[in-house]
Amino acid sequence: MKREKMEYKLKKALDHQRYEHTLGVEETARAMARVFGEDEEKAALAGLLHDCAKCMPLSQMVKAAKHAGVDEMMKESKALMHAVAGMCLAQEIYGVEDEAVLSAIRWHTTGRADMTRLEKIIYLADMIEPNRKPFPGLDVLRSLCMTDLDGAMHAALRMSLEHVRTQGKTLHPDTLAALNAYEPQPEG
Ligand code: FE
Ligand code: FE
């Protein structure tokens, strides 16, 4: 699908703020891809589409993701569901065939153990894009994101953990697996 058509569809599917966020993630993902030797076009495309399902009702997200294998915990959470639904819509509505791009969309909210470089870039770009409301540690995270992907993943996952805790919610098992995976290894 042509870029203009994608933008047109996205603008209709998202509210203004979410659309601006999307463009911020696209630019940030592209910049990070350049730094870490990842494919810039794939990063930009995944960034552009990562939240394409974010503004729909939960019931529609669940419907959109019905072939994707979602667990009960996800079905009750827009925060979790929009990533899986987004992957499905990216494929079915936006015509994305690239598995690497689709999986970067799929894992952008929970993370997981053994993430690909592109998955890490989208997960992180989502947190640090320029339109993000400032949160404690954002500046440190931003600089880590340009120097040390795994270190940045660790820091970002700790922040998500805190965020989920303060909301009194349960951490999804995939995020727990990611946390364990990116825990810094003791030296020696
Ligand atoms: Fe998202
Ligand atoms: Fe996002």
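When a ligand or atom number is given, it counts from 1 through the structure's own listing order.
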> Do the ring centers of H50 and H21 come within less than 6.0 Å of each other?
Replying inline: yes
>> Taking the side chain as everything from C-beta on, heavy atoms only, tell me whether L49 gets closer than 4.5 Å to L45.
In response: yes
> Can you tell me if D51 has an N, O or S atom under 2.8 Å away from the Fe ion (ligand 1)?
Replying inline: yes
> If you look at H108, which of its N/O/S atoms is nearest to the Fe ion (ligand 1)?
Replying inline: NE2
> Looking at the Fe ion (ligand 1), which N/O/S atom of H82 is the nearest one?
Replying inline: NE2
> Given atoms OD1 of D126 and NE2 of H21, what angle do they subtend at the Fe ion (ligand 2), to the nearest 10 degrees?
Replying inline: 80°
>> Looking at D174 and R112, is there a salt bridge between them, counting it only when a charged N and a carboxylate O are closer than 4.0 Å?
In response: no
> About how many Å separate SG of C145 and CZ of F36, when rounded to the nearest 0.5 Å?
Replying inline: 7.5 Å
